[in-house]
Amino acid sequence: MTIDEQLAVLRRGTTEIIDEAELRKKLEKDRPLRIKLGVDPTARDVTLGWAVVLRKLRDFQKLGHQAVLVIGDFTAMIGDPSGKSKTRKQLTREEVLINVEAVKKQFGKILDIEKTEIRPNSEWLGKMNFEDVLRLCGKVTIARIMERDDFTKRWDAHQPIGMHELMYPLLQGTDSVALEADVELGGNDQKFNNLMGRQLQAANGQEAQCVVLSPLLVGTDGKEKMSQSLGNYISIVDSPNDMFGKTMSIPDELILNWFELCTDVPMDEARSLAAGHPRDAKVRLAKEIVALYHSAEAASEAEKYFVETFSNRQQPVDAEPAPIPAELGDEIPLANLISALGMAKSNGAARDLIKQGGVSLDAEKVADPFAKFSRGDLVGKVLRVGKHQFRKLE
RNA sequence: GGGGAGUUGCCCGAGUGGCCAAUGGGAACAGACUGUAAAUCUGUCGGCGAAUGCCUUCGGAGGUUCGAAUCCUCCACUCCCCA
């Protein structure tokens, strides 16, 4: 592949490359580049938003470069202040380790994990003594750190900023120095941290890394960036049906953007799809995404399920089986059953759902919030609560 | 170190002795509608209970009072001004 072709691949789904001429020079070297991506194990699931940047790393990997995944086990104890208006709670070592294990497995769905260098940053950060820390601090001024947008905002809004948070960019920059990164990837909100890497590398006599920034994927609500704490996310380990359904729920304006960031569909094709009927475009998008993380067959099944359940308002053929708990006896108040099965969070909430017409048994709406059924009447029926909770009672 | 302001339900925020399980907005959930889990409209939104009701909640711990989110004391945390 020519350098131009490589750059074309790398440019897809990026907002900024700092800077492209430098990157070109690096690509011309006849050695694999070291491509660094830092991951903060503050979350348990890899979301499609996170996947955007992991997929970029995969792009580099496919072009023969060395992917280096930095597990921010040390920095997670600070918590990156990016885009946060609040101090993040500091995680304990144990919490971090649990998250790391969960998330590592998921990376394999995107990266060639065998060929990926995975390094915890406690490896070098954990060894620094206070003198090292002071020397590091001496390389950067307060004014420079405070330029950072979220610090400025918090400062102006009279919100607390912990001293340790100011250190975050320095630690992330130190990672780049320790790993001798040629390129660092990141979401757009990482720009400041990534640039700090350049500054610190230069201060340590290294060639400064290039920075490749990806846009932040907007979540299923169509407003905020996709994140686990906002609940507007799709996890790459979501079931095919969930993945499909959630994708169908995104606002139409997001279709092209999601094609670009979440799939491998060539952009020309994506553009013509997006210009067509939004429903069809979204069905295709949803199938592409499911196929990526599950399989093509799973994608077709998820489509079928979606059409049956939502478009045609039928019951799914294969509702999840749920045994009726024995302690409910033989005359079972439906509301209690619903909450016992975890389909509503309390008996009262379940009764509210019934009142609102959100509960049906074998497609027949139940109107009485205090309805009781005998065990024999219930077994074999499909209980539906809300739009997408189905259980086959046994 | 001195002075001032603040901490309310998932989030923001009103509430200054009983009418407060606590206004309002957002989120979430349900219904109608829809190509859609979009938009819009309607409703629900601490727990238990058929219900008058009972229990738990307004940073934490005590106290005053027939009665406290609201008053007092101490503690913790945050912000501002001065040093």
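Basis for what follows: all heavy atoms, side chains included, without hydrogens, waters or symmetry-related copies. Naming: A, B, ... by sequence-line order, numbering from 1 per chain. Everything numeric here is computed off the predicted structure, so don't read it as measured data.
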Counting only side-chain heavy atoms from C-beta out, which of C80(B), U78(B), A32(B) sits nearest to His158(A)?
C80(B)
Any cation-pi pair here, Lys225(A) with Tyr233(A), using under 6.0 Å and within 45°?
no
Using whole Å, report how far CZ of Arg154(A) lies from P of C80(B).
12 Å
Determine the Euclidean distance between corresponding C1' atoms of C71(B) and U65(B); express it in Å to zero decimal places.
9 Å
Distance, C1' atom - from A51(B) to U70(B), rounded to whole angstrom:
31 Å
Is there a chain of hydrophobic side chains (I, L, V, M, F, W, Y, each step under 4.5 Å between heavy atoms) that links Met243(A) to Phe259(A)?
yes
Is it true that Trp124(A) and Asp175(A) share a donor-acceptor pair across their side chains at a distance under 3.5 Å?
yes
Is the Phe306(A) ring parallel, tilted or perpendicular to the Phe244(A) ring (thresholds 30°, 60°)?
tilted
Taking a pair as Watson-Crick or G-U wobble with both distances under 3.5 Å, which nucleotide is matched to G43(B)?
C29(B)
Which value, in whole Å, describes the distance between the C1' atoms of nucleotides C80(B) and U73(B)?
26 Å
Does Asn347(A) make a side-chain N or O approach to OP1 or OP2 of G49(B) shorter than 4.0 Å?
yes
Taken to the nearest whole Å, CD1/Ile354(A) to P/C29(B) is 19 Å
Between C1' on U44(B) and NZ on Lys345(A), what's the gap in Å once rounded to a whole number?
10 Å
Between G47(B) atom C1' and Asp352(A) atom CG, what is the distance in whole Å?
12 Å
Of the nucleotides G47(B), A50(B), A30(B), which one has an atom closest to the side chain of Phe370(A)?
A50(B)
What interatomic distance, in whole Å, is found between C1' of G67(B) and the corresponding atom of U16(B)?
16 Å
Would you kindly give the NZ-to-P distance between Lys282(A) and U34(B), to the nearest whole Å?
17 Å
Nucleotide opposite C48(B) in a Watson-Crick or G-U pair, distances under 3.5 Å
G53(B)
Should A69(B) form a Watson-Crick or G-U wobble pair with both distances under 3.5 Å, which nucleotide is its partner?
none
Rounded to whole angstrom units, what separation is found between the CZ atom of Phe306(A) and the P atom of A38(B)?
10 Å
When both distances are under 3.5 Å in a Watson-Crick or G-U wobble arrangement, the nucleotide paired with G9(B) is none
In whole Å, what is the span from the CD1 atom of Ile338(A) to the P atom of C48(B)?
13 Å
Scanning all shown strands, the Watson-Crick or wobble mate of C79(B) with both distances under 3.5 Å is G4(B)
For A21(B) versus U56(B), give the span between their C1' atoms, rounded off to a whole number of Å.
10 Å
Classify Gly245(A) by what it touches in the nucleic acid, base, sugar-phosphate, or nothing, heavy-atom distance under 4.0 Å.
base
Report the base-pairing partner of G17(B) (Watson-Crick or G-U wobble, both distances below 3.5 angstrom), or none.
none
Pro160(A), nearest nucleotide to its side chain (from A37(B), C48(B), U78(B)):
U78(B)
Can you work out whether Trp155(A) or Phe244(A) has the more 5'-proximal nearest nucleotide on RNA chain B?
Phe244(A)
Rounding to the closest angstrom, what is the interatomic distance between C54(B) and G49(B) at atom C1'?
8 Å
Output the rounded distance in Å from CZ (Arg351(A)) to C1' (G43(B)).
17 Å
Please state the P separation for the pair U23(B) and C72(B) - nearest whole angstrom.
25 Å
For U34(B), give the paired nucleotide (Watson-Crick: N1-N3 plus N6-O4 or O6-N4; G-U: N1-O2 and O6-N3; both under 3.5 Å), or none.
none
Can you see whether Asn193(A) engages Gln190(A) through a side-chain donor-acceptor pair at a distance of less than 3.5 angstrom?
yes
Any chance you could lay out the side-chain contact (heavy atoms from CB on, under 4.5 Å) test for Phe151(A) and Glu165(A), step after step, and finish with the verdict?
CA-CA 9 Å; Phe151(A) 289 145; Glu165(A) 294 182 90; 4.2 Å; yes
Comparing Asp280(A) and Gly386(A) on RNA chain B - which has the more 5′ nearest nucleotide:
Gly386(A)
With the side chain of Ser249(A) defined as its heavy atoms from C-beta on, choose the nearest nucleotide among U36(B), G47(B), A37(B).
A37(B)
Does OP1 or OP2 of C48(B) have a side-chain N or O of Ser346(A) closer than 4.0 Å?
yes
Let's see if you can work this out: which of C48(B), G35(B), G43(B) has an atom nearest to the side-chain heavy atoms of His277(A)?
G35(B)
Hey, what do you get for CG (Asp368(A)) to NZ (Lys355(A)), rounding to the nearest 0.5 Å?
10.5 Å
Which value, in whole Å, describes the distance between the P atoms of nucleotides G59(B) and G13(B)?
14 Å
Would you indicate which nucleotide in A30(B), A32(B), G47(B) comes nearest to any side-chain atom of Lys365(A)?
A32(B)
Thr14(A)-Lys56(A) side chain donor-acceptor pair, cut-off 3.5 Å:
no
